[in-house]
Protein chains: 2
Amino acid sequence: MDTKGASFIGNVMDPDCPSRMVFARIGDKWATLVIQVLAEGPLRFSELRQTVHVVTPKVLTQVLRALERDGLLTRTVFAQVPPRVDYELTPLGRTLLEPLKALREWAESNVSAMLASRDDYDEREDAAILRPPGHPGR
Amino acid sequence: MDTKGASFIGNVMDPDCPSRMVFARIGDKWATLVIQVLAEGPLRFSELRQTVHVVTPKVLTQVLRALERDGLLTRTVFAQVPPRVDYELTPLGRTLLEPLKALREWAESNVSAMLASRDDYDEREDAAILRPPGHPGR
DNA sequence: ATACTGGGTTACCTTATGGATACCAAAGGC
DNA sequence: GCCTTTGGTATCCATAAGGTAACCCAGTAT
């Protein structure tokens, strides 16, 4: 499998295909949130922490390093004290914004449907627990 | 926060907003793969295993139950022996196909760029390890 | 009688993820 | 001398995710 050619095209269903790893990365919960937060422009470490909220510095660092490694954002250190580090999407990273936005909008507008479905399902399950003894004792 | 209203709209950046959970689910690695595999029509359990590949029955069951609970697919049991169970996307599940397809296409066509970036990054890291002793012993 | 089938379940164990906490460096202010 | 600030690291620990292997059911085929 030639991963050096610039026009390599993958298949996410093949577990040995690197695009599956890529898909895993861009499907990662933290990564997707960070990318979307950076949509409007560069942010500092502490600003990211506040915007994405709750994430611990360790986790945020891991996510940022991974995204930097994958060429989706750049890390710029300013020689100041106290230090200042800006994170900014690369052009490649920016191309992810459209697909992620679609997914996000789906999520935000279909919450109710999914939560309602969960309630239904759980009620059905609760009822099933009470069903007559069709259930052989293991 | 009213999650009963049919037109509730969420915000994925709010860690307390249920849409964040939704986003986590539809960003889940296995879930996204399963949904895409079901794009072409209903499949049986064993067909799903073969197509998504490598996933163990336990994990596949978990993923399918979660997706069923969230109303993204239906599970139909045929009263046969040996049993036959079909999984099929609901209309709601089908609305996810478009956004997921975009993401998948992004992944499949940007693998090379990401892998190249990783190579660069790792080489820079390797070089950094050899840098002069600027590095205070902990 | 036994084996085979499909769609699981269960128990057990390992690994990955992520949270809490503490700490550090370097320059400037008090 | 000590505190403050920012952008992290280091360490430890708890939970979650996921893999392995064995087993189950019920009918049909051998």
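By convention in this document, chain letters (A, B, ...) are assigned in the order of the sequence lines, proteins followed by strands, and residues within each chain are numbered from 1.
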Beyond-backbone contact of [X] with [Y], side-chain heavy atoms, under 4.5 angstrom:
{"X": "B:N110", "Y": "A:L92", "result": "yes"}
{"X": "B:V12", "Y": "B:F23", "result": "yes"}
{"X": "B:R75", "Y": "B:R65", "result": "yes"}
{"X": "A:N11", "Y": "B:E108", "result": "yes"}
{"X": "A:M13", "Y": "B:R104", "result": "yes"}
{"X": "B:M114", "Y": "A:R25", "result": "yes"}

Whole-Å distance separating the CD atom of B:Q50 from the P atom of C:dT5: 13 Å
Check the distance between C:dT10's C1' and B:L60's CG and give it to me in whole angstrom. 17 Å
Have a look at A:V34 and tell me which of A:L72, A:L64, A:D28, A:L89 forms a side chain to side chain contact (heavy atoms under 4.5 Å, CB included) with it.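 Single pass found, and it is A:L64.
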Within the 4.0 Å limit for protein heavy atoms, which parts of nucleotides 19-24 of chain D are touched? Write it as a string from 5' to 3', B for base, S for sugar-phosphate only, - for none. BB----
Can you list the steps and then say if B:R118 with B:D120 is a salt bridge (Lys or Arg N to Asp or Glu O under 4.0 Å)? CA-CA 5 Å; B:R118 282 188 188 184; B:D120 280 9; over 6 Å; no
5' precedence on DNA chain C between A:D28 and B:R84 (nearest-nucleotide basis):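 First, find each residue's nearest nucleotide; the 5'-ward one identifies B:R84.
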Ignoring backbone atoms, test whether [X] places a side-chain nitrogen or oxygen under 4.0 Å from the OP1 or OP2 oxygen of [N].
{"X": "B:Y87", "N": "C:dG8", "answer": "yes"}
{"X": "A:S46", "N": "D:dT6", "answer": "no"}
{"X": "B:R44", "N": "C:dG7", "answer": "yes"}

Of residues 61-82 of chain B, the positions that come close to DNA chain C - non-hydrogen atoms, cut-off under 4.0 Å: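 Contacts with DNA chain C under 4.0 Å: B:T61, B:R65, B:R75, B:P82.
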